[in-house]
Protein chains: 2
Amino acid sequence: MKNMREKILGVATTLFETRGIHASGVDTIIAESGIAKATLYKYFPSKNELIIEYLKEKSNRFYTWINEKLSDTKLESRDVLFQLCDLYEQWITTPHFNGLPFHIGSVEFPDPAHPVHHYSIELSNELQQYLSKLAEIAGVKDAQTLGQQLTIIFEGGALIERLSPGTGAAKRARNAAITLIKVSV
Amino acid sequence: MKNMREKILGVATTLFETRGIHASGVDTIIAESGIAKATLYKYFPSKNELIIEYLKEKSNRFYTWINEKLSDTKLESRDVLFQLCDLYEQWITTPHFNGLPFHIGSVEFPDPAHPVHHYSIELSNELQQYLSKLAEIAGVKDAQTLGQQLTIIFEGGALIERLSPGTGAAKRARNAAITLIKVSV
DNA sequence: AAAAACGAACAGACCTGTCTGCATATTAAA
DNA sequence: TTTAATATGCAGACAGGTCTGTTCGTTTTT
């Protein structure tokens, strides 16, 4: 089969996000995928590599989605930031949203020396830089600060929304972000 | 010995926060504590109970500390919220800060049926209610909203501060919280 | 025919939780 | 104060299970 890698990655993604990474054993992943163990280890040299590929793919999917949506907006104006907040809310209130991936990776692997933790830090920095750049394009003076503050709110909102769904965490995080953008010079 | 329970809990706390909960086996905890396995299981009927006691104790410690600090302020004024933000920054920039406990608990045990996840939700709600009540006392109109928004910022800030220490995440989270308080009616 | 995937067993380590036998404190009685 | 009874903690083996990762032949696909 051709799309064996995607199939494995898809099953792993679901298991990692619903049961946790540590709690999802390789045996469970192969049973759920309906594949042999040797096949998994052919496409992914180790479980750690599989985890990292999961993080990478989720991240790519997010940026692809958001860049496509944002490309409709004219980038010079500050409206791009407001639209970003709406997209954020939309993203984390999606039915199958299960938390931002690097968030999970960094908490489940707190040891900074662990490759998964290390890669999670990279992804976190990438998000901050992405948001900062967006703020800079929108003409915000201290773009670095706003970028990190948006990261903080998006992270926290995603966690609370996942922990207590239906209590309006996503909407309130969006509103908090919009407030911060408005007061930014 | 009298303080056996505290000793075990202390070692478990350190291990849980530096290596992760799943990654800290009972054998490691007893080896690090210098006690026998039977002793641990005398004071804590299971590892799950030990985890929950860890969460409970950390939470109590936080509220004790913050209530003591806040008792100096006159509670009718809005200044109590501003002081809260300062205390928050102080708390998460403490050298041995390793993330808010229920945050870790909820991510490492994503299954809502798991007792640790369940208790983490309780602690999250408790924090939201605590902050909402503080906002109410301070005279904020929509205290529920501000309370949850502060929870979101504090959570997100704690995560980013832990993930990228020294990048000013704590200070920026504090400032974001203060901005939100100021614009609240 | 050649490549890929299968099922299944295996190794070696780790996991939680129980149990036993022995040493050490602490307490009570003489 | 000395002795006896009780409680507490120790080290370590053990059970039964799960973990990652490897290696078999065997079957399916190309």
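A note on names: the letters A, B, ... follow the listed sequences, proteins ahead of strands, and every chain is numbered from 1. Heavy atoms only: backbone and side chains are in, while hydrogens, waters and symmetry mates are out.
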Nearest-angstrom distance from the residue atom [atom1] of [X] to [atom2] of [N]:
| X | N | atom1 | atom2 | value |
| --- | --- | --- | --- | --- |
| B/H22 | D/dT18 | NE2 | C1' | 12 Å |
| A/L50 | D/dC19 | CG | C1' | 15 Å |
| A/R19 | D/dT18 | CZ | C1' | 14 Å |
| B/I51 | C/dG17 | CD1 | P | 9 Å |
| A/N3 | D/dT30 | CG | P | 11 Å |
| A/Y43 | D/dT22 | OH | P | 17 Å |
| B/K42 | D/dC10 | NZ | P | 10 Å |
| B/E49 | C/dT16 | CD | C1' | 14 Å |

Just list the side-chain donor-acceptor pairs under 3.5 Å for residues 147-155 of chain A, sequence neighbours left out, or say none.
residue: A/Q148; atom: OE1; partner: B/R172; partner atom: NH1; Å: 2.8
residue: A/Q148; atom: NE2; partner: A/Q128; partner atom: OE1; Å: 3.1
residue: A/Q148; atom: NE2; partner: B/T167; partner atom: OG1; Å: 3.1
residue: A/Q149; atom: NE2; partner: B/R172; partner atom: O; Å: 2.9
residue: A/T151; atom: OG1; partner: A/G147; partner atom: O; Å: 2.8
residue: A/E155; atom: OE1; partner: A/H103; partner atom: ND1; Å: 2.8

* Asked: Would you say the side-chain atoms of A/T64 pair up with the backbone N or O of A/N60, donor to acceptor, closer than 3.5 Å?
  ->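 Yes; at least one donor-acceptor contact below 3.5 Å.
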* Asked: Short question: side chain of B/E49, backbone of B/F44 - any donor-acceptor pair under 3.5 Å?
  ->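 Not at all, since once roles are kept as given, no pair shorter than 3.5 Å links the two residues.
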[N], OP1 or OP2 - any side-chain N/O from [X] closer than 4.0 Å?
| X | N | value |
| --- | --- | --- |
| A/T39 | C/dC6 | yes |
| B/K47 | C/dC15 | no |
| A/Y41 | D/dT23 | no |

* Asked: Step by step, would you call B/N48 with B/Y119 a side-chain hydrogen bond (donor to acceptor under 3.5 Å, both in side chains)?
  -> CA-CA 11 Å; B/N48 277 344; B/Y119 188 66; over 6 Å; no
* Asked: Can you check whether A/H114 and A/F109 have ring centres sitting under 6.0 Å from each other?
  ->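 Between A/F109 and A/H114, which both carry aromatic rings, the centre distance is below 6.0 Å.
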* Asked: In chain order, what residues pass the side-chain hydrogen bond (donor to acceptor under 3.5 Å, both in side chains) check against B/D142, with sequence neighbours excluded?
  ->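 Counting only residues at least two positions away or on another chain, B/D142 forms a side-chain hydrogen bond (donor to acceptor under 3.5 Å, both in side chains) with B/T145.
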* side-chain hydrogen bond (donor to acceptor under 3.5 Å, both in side chains) against B/K56, all qualifying residues, sequence neighbours excluded ->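 With neighbours one apart ignored, the set is empty.
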* With the threshold set at 4.0 Å, does a side-chain nitrogen-carboxylate oxygen contact exist between B/D111 and A/R19? ->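 A/R19 and B/D111: not salt-bridged.
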* **Angle of first-five versus last-five pair axes in the helix from C/dA1-D/dT30 to C/dA30-D/dT1, to 10 degrees** =>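 The value is 10°.
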* Asked: Going by number, which of residues 25-37 of chain A have a non-hydrogen atom under 4.0 Å from DNA chain D?
  ->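 Per residue number, the list reads A/G25, A/V26, A/D27, A/K37.
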Polar pairs (N or O, both sides) under 3.5 Å between protein and nucleotides 21-25 of chain C?
none

* Test side-chain contact (heavy atoms from CB on, under 4.5 Å) applied to B/L159 and A/L159, A/V107, A/L100, the passing residue ->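 Exactly one option meets the side-chain contact (heavy atoms from CB on, under 4.5 Å) with B/L159, and it is A/V107.
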* **Under 3.5 Å side-chain donor-acceptor pair for B/Y130 and B/N67** =>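 On atom types as modelled, these side chains qualify, holding a pair under 3.5 Å.
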* Asked: Going by atom types alone, do B/Y54 and B/E17 pair a side-chain donor with an acceptor below 3.5 Å?
  ->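 Looking only at side-chain atoms, B/E17 and B/Y54 do form a donor-acceptor pair, the distance falling under 3.5 Å.
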